[in-house]
Amino acid sequence: MKMKKIVVSLGGSVLVPSLESNNIGRYVSVLKEIAKTCQIFIVVGGGGEARRYIQVARDLGAGEAAADELGIMVTRLNARMLVAGLGDAVYPRVAENYTEAREFAETGKIVIMGGITPAQTTDAVSAVLAESIGADLLVNATSVDGIYSADPKKDASAIRYEHLTPQELLDIITRSRMSAGANMVIDIVAGKVIERSGIPLLVLDGRDPENLFRAIVEGASVGTTVSREEPKPRTI
Ligand code: UTP
């Protein structure tokens with residue numbers, strides 16, 4: 001039977017909250033287990049370290065594209081650390097474009113990517129990768145437990161959605177972009193690609209790596225699902 005293909009967008013703040021107290025070891029065990037049941041592609045983010053480099057570059061007078069290039073380098077650095085931890089289970093290079101990701105996947109190993117090009121985030125990379133490989137599912141492992149109607153840290157009346165359609169997701173992203181300093185869980189490029197591809201998206205709390213196993217392997221309902229139709233109970 002053909003294995004299902006799953007793309008995981010793994011936030012830098014989830015994988016490497018700080019270099020010393022990172023979650024790489026815990027993710028390595030979980031990802032090896034998941035890889036027995038499906039083909040996985042992981043897109044690693046830059047986290048706080050990327051933001052620190054970007055800020056210093058801006059203070060030095062660098063333009064936004066140059067700052068983004070630094071951000072991309074940090075995502076690839078985090079991606080390399082995950083490759084180091086995964087050993088034989090992973091293709092030993094970080095894919096630098098979508099064609100490479102597809103080629104590396106021919107080996108049947110886990111494929112790792114970081115950022116690709118300026119003016120976007122790794123959310124967009126993961127959505128385009130999911131579209132280009134025809135993924136069955138895109139998972140965004142982030143530091144909140146789903147998509148809310150408003151920022152739950154600022155608005156006590158914010159509610160968490162169990163299910164959204166891609167169009168409802170786009171409406172929420174557009175609304176939140178209008179408020180200054182808003183930091184939406186999914187960026188707009190990713191939202192648009194998710195809408196046009198129709199690939200289901202699952203947004204879950206990645207601070208506990210076990211959530212990834214529960215959602216992907218056990219089909220547990222964790223976080224928010226974005227799909228054209230309401231999800232049925234599912235296992236892979
Ligand atoms: P992230 O994807 O980690 O962005 O990329 P983020 O929004 O800070 O991540 P999360 O979702 O909160 O974890 C870090 C930075 O790298 C650059 C951007 O500057 C981004 O903010 N980047 C990343 C790119 O320019 N292009 C890419 O393809 C990826």
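Atoms within a ligand are numbered from 1 in the order they appear, just like the ligands themselves. The chain is numbered in sequence order, starting from 1. Because only heavy atoms are used, hydrogens play no part in the values below, and waters and symmetry mates are left out as well, while side chains stay in.
- Rounded to the nearest 0.5 Å, atoms CG (N140) and CG (L138) are 7.0 Å apart.
- Evaluated by nearest non-hydrogen atom to atom 1 (P) of ligand 1, the leading choice among T122, V14, I116 is T122.
- Residue contacts with ligand 1 for A124 are absent, since no atom lies close enough (heavy atoms, distance under 4.0 Å).
- When non-hydrogen atoms are compared, ligand 1 lies under 4.0 Å from the side chain of R51 (C-beta onward) but not from its backbone.
- Listed by atom number, the atoms of ligand 1 under 4.0 Å from P118 heavy atoms are 25 (O).
- Close contacts of ligand 1 with G47, meaning ligand atoms under 4.0 Å from a residue heavy atom, involve 3 (O).
- A pairwise comparison of heavy atoms in G206 and Y27 identifies O-OH, 2.6 Å as the closest pair.
- Residues that satisfy the side chain to side chain contact (heavy atoms under 4.5 Å, CB included) test with T99, not counting sequence neighbours, are N97, R102, E103.
- A distance of 8.0 Å separates OG1 of T122 from CG of D187, quoted to the nearest 0.5 Å.
- Within ligand 1, the atoms closer than 4.0 Å to a non-hydrogen atom of G115 are 27 (C), 28 (O), 29 (C), numbered from 1 in the order shown.
- Counting heavy atoms from C-beta on, the side chains of L10 and L82 come closer than 4.5 Å.
- Note: no N/O pair closer than 3.5 Å links T75 and ligand 1 by distance alone.
- Y91 is not listed as a side-chain neighbour of V83, based on a closest heavy-atom distance of 4.5 Å or more.
- Side-chain contact between D145 and N211 is absent, with no heavy atoms from C-beta onward closer than 4.5 Å.
- Between E168 and I147, the closest side-chain pair of non-hydrogen atoms is not below 4.5 Å.
- Contact annotation for V125 and ligand 1: only side-chain heavy atoms (C-beta onward) come within less than 4.0 Å of the ligand.
- Taking only non-hydrogen atoms, the option from G45, S9, G12 nearest to atom 13 (O) of ligand 1 is G12.
- Residue-to-ligand polar distances place G46 within reach of ligand 1: an N/O pair is separated by less than 3.5 Å.
- Rounding to the nearest 0.5 Å gives a distance of 8.5 Å between CD1 of I188 and CG of L169.
- Ligand 1 is never approached by S143 to a heavy-atom distance shorter than 4.0 Å.
- Those atoms of ligand 1 that come under 4.0 Å of a heavy atom in A119, given as number and element, are 25 (O).
- In this structure, the side chains of L86 and K32 come closer than 4.5 Å at one or more pairs of heavy atoms.
- Of the candidates M113, Q120, E49, the one placing a heavy atom closest to atom 20 (C) of ligand 1 is Q120.
- At a 4.0 Å heavy-atom cut-off, ligand 1 touches I54 through the side chain alone.
- Numbered from 1 in the order shown, with element, the atoms of ligand 1 that lie under 4.0 Å from a heavy atom of G11 read 13 (O).
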